[in-house]
Each structure stands twice: as structure tokens, then as C-alpha cells.
Amino acid sequence: MSLEVSTHSDRRFRALIEHGTDAIALLAPDGTVTYASPSIERILGYPPQEFMTINGFAVIHPGDLPSLAHTFQHLLAIPGLVATQQVRSRHKDGTWRWVEATLTNLVHNPDVQAVVTNLHDITGRKQAEEKLKALAEQTEESEQRFRLLADGAPVMIWTSGIDKLCTYFNAPWLAFTGRTLEQELGNGWTEGVHPADTQRCLDVYTSSFDARKPFSMDYRLRRWDGQYRWIVDNGIPFSTPDGTFTGYIGSCIDITERRRLEQQLQYSERKLRTLVESNILGVVVADVDGQIYEINDRAAQMVGYSKDELLAETFNWQRLVPPDSYETQAQATKTLLSTGALPPFEGEYLRKDGSRVPVLAAGTLLDQERRLALGVILDISERIEAERRKQEFLSMVSHELRTPLTSIMGLIELALMQIDLRPRSLPPEAEGLLGQIEKTLKRADGQVEIETRLVEELLEVTRLEMRKFELSLHPENLVTIVQEIVANQQQAARTRQIELVLPPDELVPVIADAGRVGQVLTNYLANALKYAPVDQVVSVRLAVEASSARVSVCDQGPGLTPEQQSRVWERFYQVAAPGHQGPDGGLGLGLAIARAIVEQHQGQVGVQSAPGQGSTFWFTLPLS
Ligand code: ADP
């Protein structure tokens, strides 16, 4: 069929059809194309004539065919009905094009007798739509992936939009604050920020946001249990791949513990700095191999080197140790490494000019791995000097006291002798008087004896301190020494029970000053007899160990606390507790002297005791 051109308006109509962007085709009820406008070629690639040789349904995508067929059937049933459907049609080049077909049933119209089909190419629109849909799907998917990731992350995460309002908080955030997402969204989260931090927090956020700059800020955030915790919040601006700014994403972690540790560290660092810089004490940081890493002025000054000299890599701490202390130093290093600390000890360091400086030092291990230690040193020259002067004074005083004491004793002896040699013919009153004088003199003699012993002790201890203490060493049998002393003491205290336990060997050989060793045992034994109840046995035991002999004196006296046990070895120390006051008013020097004697023999002293359970004082001597 062809359209007749008759009138002017017909021509205009035809021109419209032939030059329009949409194509028009007339379809017979069986799909035969009875007319196709030229635009069909632009849409489907077929020249109109060629298109008219194919069936209209033949170019429809099989997937769209059933619904189109259905529409067509429905359309044919109702004259004048208009239906619109989007279908895919095959282009002549084999590709599929989306067309929107508007079908009008004009089969009954004698002038047309066909279904007028208006074809509008919507491929571009469809493609754009599909792209958009795919993009939306992608976005949704990546959003879902982001949330999954964020919820599983061990940090708190939030996001905000370009209006600065928060759009998302991950599960860890919500678990931390104990609030719902709805409560936190927008500016809701600021309700949990500590009031003292809110303004600062908002200022940082707003200014960084406006500048599109990353930020990091610390603030306190209320936890679900009401406790404010310090968190660090790192925010970064976020944009799409094409550079469009979309907001911020931030992550936070609870740094309360870290802050506390940091503060503690800063505090102890400050304390240490103050100590180092105050220069009251010498402070040194060095490794146990002798490399010095830090030293303060005070320490440098003590040893007479400049700090630079001491810190030089070529300098070694060992240079400050006098050769006679090498062994002590090695022992100290061992103690430091095994226990982590070096208790205060007195020693000497060599100054640059060769002189020696007496010090009190202590150390602690800073870093086990790097074997780094901190040492604190106190110059005790002045104390030592004062001590020396005191000793000198004591020594002088003792000497001065001893001389008149000796004369007093001599004079008392003389007086007693004179009484003894009195004429036999004295009147009874004179005899009575002399008898009384004799008693008084004997009492005086007893007192002078005590006094003399005290002065002797004083002299002895001063000699000890001033290292004027000479031993006369000989090979001796310790069994003999012990037996002798026990016998002497038993003689002096006949009413007391002293038990002696000896080893099977009859000879326990030692290199010793017999008199001095005897003095030690006498002191232990005298103390035991002095402090223990008179009806209790005191036992003396001599035992042989691997490379030494051990002598111990065990009593059932008042016993000593651990502190007293360590202090009884000090000069002039006497336990103040009841049961410890001897009848002779001792000076508290006996054990100090005993220790000095034993140590000079390369032996050791010690005590085992507990309050109320008696004491065992012991000493050892190396076997020869
Ligand atoms: P002192 O001349 O005072 O006995 P020591 O140096 O011998 O001096 O003893 C010091 C102190 O130790 C004594 O004063 C006493 O308090 C205490 N002590 C010594 N031996 C004993 C002991 N066997 N039992 C209880 N306390 C003791």
C-alpha cells in the first residue's frame, strides 16, 4: 500500500513522517510490514524497501517476543487501542537496539488498515539507565563491603557527608558508646564527648573539614559504662575517583591505657632527669662492658675527667676501677645481671690524677637485652675523713683512759695486799673496818675490770677500723681452739650447761690467729650465756663442710628479728628489746670485732634466729 499525495496538508504530513527522527511502520495483523518510513534505516539499518520485505516480528528479540505478541493480540481485539512497549530489535548489523514502540490499532480504518507503529530509538537512554543501574548496584555492593569491613575492624569508624554531619558509625563505635546508630548520627555523637573537650573537638573538626585537611585529635569519649576514655580520632577527607569531595572518614582507638603509660613514663623520665641534673648524686648510664652513655657533672667531677672524655667511645669504665677491686667489680656485674640490681656498696674509684675517691654506689639494670645499667654514686670522702678523725679521737681517748685504769687497778691490788699483810694484833673494831674496806675494794676491782674490758674493746675496734689490725697466722687445729675456749667458759660459769659437739675428725686444720679466733668464739659464747636463761643449755658445734669449717653457738635466748640479725654486726648496736640487756653494760662492739676478725681470715659470720626461738651465731674459716 502507498500513501496518496493529494492536498498540501497531506504533503506536509508526509514530509514530517519522512524526515522525523522516529520511524513509522504500518503492520498488518500478521506482522507484515506494509509501510516503513525512511527513518527506519537510521534506527534499524534497513532501507525502507528492504524492511518491507521482512516480517516485523522477525527483528524482535526472542526475549521480548512473547510479551509483544501478547500486547499485539490484545491491541488487535480493540480497534483504536494504543499500546506502548519497549523491545529490543535487531539492527541490520546484528546488534540489538532498544526501541519504544507505540502501536495504534487502525486496522478497522479503511484509509489505513494496519497497526500504526511509531518506533522511537531509546538505545542511548537504555544504555545510560543500565549503566546507572549497574553503578548503583556497584555502589550498594561496595557500601555493603565497606560496612562489613568497618564492622569487623578493631577500631571505631565513622563517616560524615559534605554537610559535616555524621552518616555512619561502625559496630565497634556503637558497642563502645552503648548508643544506637540513630542517636549518634548527625551531631548526636558529640553528646558523648567530655564537656571539657567538646569545643576543641568541634573546632578541630570544623576547621580541618573546611580546609579538607586530615586531622588527628585526642578527646575523652563516654563509654557505655559511663567512664570517659581517651581516644585518638584520625579523620581524612574522602573523594570519589573523579575527585569529588564526599565527606570524611575517621577511625578512633582507645588510648587511655597508652596515655597512662606515656604519662607514667614521662613522669619517671622527669624524675630521673631531675635526679641526673640536680647533680646531688653522681649518675651514670653504662653497659656492663664499660661503655658510658650518659654521665652527669657530679659523677664526672668525682672521677676528675671531663664528660667528653668519659663519653668517648674509647673510654671504658674499667679504667676507674682500682686493680685491687677488679674481682669485686666482676662479682658486682654478675649480681647486677642475675638479680637486676646492685645493692649499695662502698668502694673506691681511681681519679684521673691517680688518687682514689671513696664512694657509696648502687646500680640497677635498665635494659636486660642491651645490658644497660644505671649507677648512682655518692662521694663519701668527707664521711670517711670524719670517720677517721672520730677513730683517731676514740683511739686517743681509749689510750688516755687505759693508763689511769691500769694504775687504779694496781693501786687497788696494792691496797688489798696491804690489808692482807696487816698486823695480826689489831683491835677487833679495826679488824672489822678493814674487812669492810677489803670488800669495797674488791667490788671496785670488779668494776675496774669491766671498765678495762670496755676500753680494750674500744681500742680494738678503732684499730680494726683504722686497719691497724694485725693477725699472726699459723697452722692450727680448730678442734683444739674450740675445746679450749669452751673449757674456759665452763670454768668461768660453772653453774651453766655448755654442750660441745665435735666432728669425727680429730684434726680440723686452719691457718689462723688462734688468739683472735678464740676471741670470736668467746664472744659468741659469752653472749649466749649472757642473754639465754640460766637453766638452758648452750651448745657449741664444730662441723666440717666442703672447703670450710663451721663453728656455731646455739642458745635458747630471746632470739632476734631479721632486722636485728643484720644490725647486730654494726658497731655500738645493741638490741633495745627486753631480754637483750646484759648485766655488764656492754658497748655493742663484740660482734663487730668478731666479724672483722673472721673476715680477715677470709671466713664468714652469720646468725640464724627468730624472736622467742633462740639464736645460732656461726662463723666459718677456710680449711687449710
Ligand atoms: P654487747 O657487748 O652488747 O653484747 P655484741 O656486739 O656482742 O655487744 O652484741 C650486740 C647486741 O646483739 C647485743 O647487745 C644483744 O642485744 C644482741 N645479741 C648478741 N648475742 C645475742 C644472743 N645470743 N641472743 C640475743 N641477743 C644477742
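All ligand and atom numbering here is 1-based and tracks the order in the structure.
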Legend entry - Residue pairs, two or more places apart or on separate chains, that pass salt bridge (Lys or Arg N to Asp or Glu O under 4.0 Å) and touch residues 547-558: E545-R550
Legend entry - Verdict with supporting geometry, E456 and R453, salt bridge (Lys or Arg N to Asp or Glu O under 4.0 Å): CA-CA 5 Å; E456 278 304 326; R453 196 169 45 72; over 6 Å; no
Legend entry - Heteroatom proximity flag, L591 to ligand 1, N/O under 3.5 Å: yes
Inset, instruction - Report the part of V553 in contact with ligand 1, treating N, CA, C, O as backbone and CB onward as side chain, heavy atoms under 4.0 Å; options are side chain, backbone, both, neither. - result: neither
Legend entry - Residue selection (non-hydrogen contact nearest atom 1 (P) of ligand 1) among P611, G588, G590: G588
Legend entry - From the candidates D555, L525, N527, the one that places a heavy atom nearest atom 20 (N) of ligand 1: N527
Legend entry - Close-contact set for ligand 1 against Y573 heavy atoms, below 4.0 Å: 10 (C), 11 (C)
Inset, instruction - Apply salt bridge (Lys or Arg N to Asp or Glu O under 4.0 Å) to R259 and E262, showing your working. - result: CA-CA 5 Å; R259 253 179 93 101; E262 270 171 12; over 6 Å; no
Legend entry - Option nearest atom 14 (O) of ligand 1 (shortest heavy-atom distance, choices Y531, Y524, W569): Y531
Legend entry - Within 6.0 Å of CD in Q604, more than 12 heavy atoms from elsewhere: no
Legend entry - Side chain, backbone, both or neither: Q564 near ligand 1, heavy atoms under 4.0 Å: neither
Inset, instruction - Give the numbers and elements of all ligand 1 atoms closer than 4.0 Å to a heavy atom of V575. - result: 16 (O)
Legend entry - Worked verdict on R200 versus D197 for salt bridge (Lys or Arg N to Asp or Glu O under 4.0 Å): CA-CA 6 Å; R200 181 176 50 85; D197 298 337; 3.4 Å; yes
Inset, instruction - Find all atoms of ligand 1 within a distance of less than 4.0 Å from any non-hydrogen atom belonging to L589, and give their numbers and elements. - result: 6 (O), 8 (O)
Legend entry - More than 12 heavy atoms from other groups under 6.0 Å of OH on Y293: yes
Inset, instruction - Tell me, please: is F617 in heavy-atom contact with ligand 1, that is, under 4.0 Å? - result: yes
Legend entry - Parallel, tilted or perpendicular, as decided by the 30° and 60° cut-offs, for the rings of Y524 and F617: tilted
Identify every side-chain donor-acceptor pair in residues 510-518 under 3.5 Å, counting partners at least two apart or on other chains, and give the distances.
residue: D513; atom: OD1; partner: G515; partner atom: N; Å: 3.3
residue: D513; atom: OD1; partner: R516; partner atom: N; Å: 3.3
residue: D513; atom: OD2; partner: S472; partner atom: N; Å: 2.8
residue: R516; atom: NH1; partner: E460; partner atom: OE1; Å: 2.9
residue: R516; atom: NH1; partner: E460; partner atom: OE2; Å: 3.1
residue: R516; atom: NH1; partner: Q519; partner atom: OE1; Å: 2.8

Legend entry - Interfacing atoms of ligand 1 (cut-off 4.0 Å, heavy-atom, S615): 24 (N)
Legend entry - Side chain N477, main chain E506, donor-acceptor under 3.5 Å: yes
Inset, instruction - Could you tell me which atoms of ligand 1, counted from 1 in the order shown, lie closer than 4.0 angstrom to a heavy atom of Q574? - result: 3 (O), 14 (O)
Legend entry - ligand 1 to E457 polar contact by distance, N or O atoms, under 3.5 Å: no
